[in-house]
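Here is the structure we will look at.
Computation of the quantities below employed the complete heavy-atom set of this structure, encompassing side-chain atoms and omitting hydrogens, waters and symmetry-equivalent molecules.
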Amino acid sequence: MNWFSAIKKTRLFRKENDPLSGSILVLFTIIPIVMITRLSVPPLQDFPLHVAQAYILFHYHATPFFQQHFSVLLFPFPYLMEDFILLPCLFFGYEFAGKVLLGVSIALLAFGVWFLMRTFNPQRMYLCLFCIPLFFNKLFFKGNINAVLGIGFFLIALAVLKRIYDGQNNKKSVCLLGALAVALYFTHLVAFFVFAGATIPTLIFFFRKRVRLNVLYALAPSVVLWAALGLLKPIEFINKVDGDMSRLDALRLVFDPATWHGKIAEIPGRLVNFSPNEWNILLPLVFLWAFLLAAGFFQISKKRFEFTVLGALFLLYIFSPREIPPIIRLHERILFSLLFFSIACLGIPEKFRGNAIVSLREEKFFVLAFCIITALRFNLDIGRSFKSIEPILVAQRNLLKNLPPSKMLMPLTIENPYFGQIGVLKDMWVYYVTERQGLVPEGFDVQFGLVRFREEHPSIYFNKPVPDISQNTPLDSQTFYVDTFRGRKKVTFDMLRHYDCLLVFGDSPELSSNITRAGFKLHERANILSTYEKIAF
């Protein structure tokens, strides 16, 4: 007996009671959470936005500056789950609250995959480990924590629905499903949309009439919330699309066959956002995932519920528009729901046409070894990359700390540092909101929260300068160009004068000269970062 056979026959590789897989999942869930707690500034793009919004809401009545520039709308909007988690934690500081939120998002995703596997494929609990290298994905580094939370709630809700389908139609299951549907509403619009799109076919065709009614009762509270939202129309993004894209053009994206091939080809790319070396780490994992899914296809096709949900998710991904409006990238959210749900459908049949293929112990040994090695390499690569960019983020944050409090700040980013494929400095500006209680109109969008700007503020990023400048307007002594990472924009001295402070990322003597002419003086410089303040406040 060789060592391979000896290991496979140990108690750890039995299919009954699988403590090994659960222990490894817990361990590799803790590792990234610990890594996050040790960072001064997590290198995420949109995450600080929500921290700043929660901070404004928490300190609103005690801060005249916030009362002057913001208003609070008390309405049960979607996208509030982050605020629900952040607000009670703000008693211990916004840094603590932010790291708790990131930890909860990872832990909920891990639990969602584990609970889904426990419901759909309990004999192969070790397949949960596929989610470990996928913790740090496109959504996470984009800072879309509501989307990550939405996937966790989606997986749990799908598992509860399956238990009801299997006959556990008790009040506890129905109430839990209702609570999860409400959680999906408050977490992310797309998460709720994907849950509805993936479960409606099974609800119509496979559920008994009495069970179907119980499920509808469970969904009623969330339906009421959506109805109230639609009737009152309190948020503009429902009817908005990008200014450069008509509604018809946006809908054409849904039916454009060219996007089908692109969406299938981009599946590995959605996972590869971190560093160029990530292809070497994650691509083999994607191929293993695809192989196990294909190998178990005929086994899955015999299970009506699983096969229908998997097919519905795949169709939602293929036919979902890429951007409508651009801030809601439907296909990204649906893809990760599809990836994590397909984990529960993986596995090679033990026999094919009466012939033995592979035993559960052999498959378990291979998957455990592959996922552990991949996760270790990936976490090591992430740790190194974190350390490489942290000094830049800390330097920028220190510059913001030294600016005068309760002032208006404009960022001029003429270079675009990336963290893998994710721009990381765009929303670091909002630390000025939390540490100096100032305002950065271009730093974040409060469209999806309970706080709103009281008035439009000047911006060079959203083509709403003050005063309005046509791109055809000739340059004069009061106008100059700024080459930002979003394209070439015109800036006027009048526009700059609406602000008290400027933060410039990038080095340009011409820009410094123009800023000085506009009435600002250099406050502090750190490498290619510099801050300016108005000479006379």
Checklist entry - Has R118 got its NZ or CZ under 6.0 Å from the middle of the six-membered ring of F111, at an angle within 45 degrees of the ring axis? => result no
Next on the checklist: Strictly distance-based, threshold 3.5 Å: is any side-chain N or O of E82 a donor or acceptor partner for the main-chain N or O of L101?
Outcome noted: no
Item to check | Geometric class of the F70/F66 ring pair [parallel <30°, tilted 30-60°, perpendicular >60°] | outcome: perpendicular
Next on the checklist: Closer than 3.5 angstrom, by distance alone: can the side chain of R452 be matched with the main-chain N or O of S71 as a donor-acceptor pair?
Outcome noted: no
Next on the checklist: Measuring only between side-chain heavy atoms, which start at C-beta, is F141 closer than 4.5 Å to Q45?
Outcome noted: no
Checklist entry - Hey, does the side chain of Y55 reach the backbone of T434 with a donor-acceptor pair shorter than 3.5 angstrom? => result yes
Checklist entry - Has the side chain of Y185 got a donor or acceptor atom that lies under 3.5 Å from a matching backbone atom of P76? => result yes
Checklist entry - Under the 3.5 angstrom rule, does the side chain of S385 hit a backbone N or O of I382 as a donor-acceptor pair? => result no
Item to check | Pairing of E435 and R397 as salt bridge, 4.0 angstrom limit | outcome: yes
Next on the checklist: Please identify which of these residues, F154, F120, F115, meets the ring pair (Phe, Tyr, Trp, His ring centres under 6.0 Å) condition with F341.
Outcome noted: F120
Next on the checklist: Main chain of V394, side chain of N398: is a donor-acceptor contact present, judged purely on distance under 3.5 Å?
Outcome noted: yes
Checklist entry - Can you check side chain to side chain contact (heavy atoms under 4.5 Å, CB included) on L503 and Y432, steps first, answer last? => result CA-CA 11 Å; L503 170 68; Y432 179 66; over 6 Å; no
Item to check | Carboxylate-amine/guanidinium proximity below 4.0 Å for K162 and D166 | outcome: yes
Checklist entry - Is the centre of the F65 ring less than 6.0 Å from the centre of the H69 ring? => result yes
Next on the checklist: Do M35 and F386 have side chains that approach each other closer than 4.5 Å (heavy atoms only, starting at C-beta)?
Outcome noted: yes
Checklist entry - Are the ring centres of F186 and F84 closer than 6.0 Å? => result yes
Checklist entry - Hey, is the main chain of M408 close enough, under 3.5 Å, to the side chain of D500 for a donor-acceptor pair? => result yes
Item to check | side chain to side chain contact (heavy atoms under 4.5 Å, CB included) between Y60 and Q67, intermediate numbers included | outcome: CA-CA 6 Å; Y60 182 77; Q67 295 175 28; 4.1 Å; yes
Item to check | Results of side chain to side chain contact (heavy atoms under 4.5 Å, CB included) for I36 - residues two or more places apart only | outcome: K99, L102, I106, F140
Next on the checklist: Is the shortest side-chain heavy-atom distance between H188 and L149 below 4.5 Å?
Outcome noted: no
Checklist entry - Under 3.5 Å, side chain of N121 to main-chain N/O of M117, donor-acceptor pair present? => result no
Next on the checklist: What verdict does the side chain to side chain donor-acceptor pair (under 3.5 Å) test give for S40 and E390, after you've listed the backbone C-alpha separation in whole Å, the side-chain angles of each residue and the deciding distance to 0.1 Å?
Outcome noted: CA-CA 7 Å; S40 301; E390 189 174 21; 3.3 Å; yes
Checklist entry - Relative to each other, are the rings of Y94 and Y431 parallel, tilted or perpendicular (30° and 60° limits)? => result tilted
Next on the checklist: If you define the side chain from C-beta out and look only at heavy atoms, does anything of F505 sit under 4.5 Å from I528?
Outcome noted: yes
Checklist entry - Donor-acceptor pair, S337 side chain versus R333 backbone, under 3.5 Å? => result yes
Next on the checklist: As a quick check of understanding, evaluate side chain to side chain contact (heavy atoms under 4.5 Å, CB included) for F130 and L339, giving each step before the final call.
Outcome noted: CA-CA 10 Å; F130 267 96; L339 284 173; over 6 Å; no
Next on the checklist: For W429, is there any backbone N or O sitting under 3.5 Å from a side-chain donor or acceptor partner on Q396?
Outcome noted: no
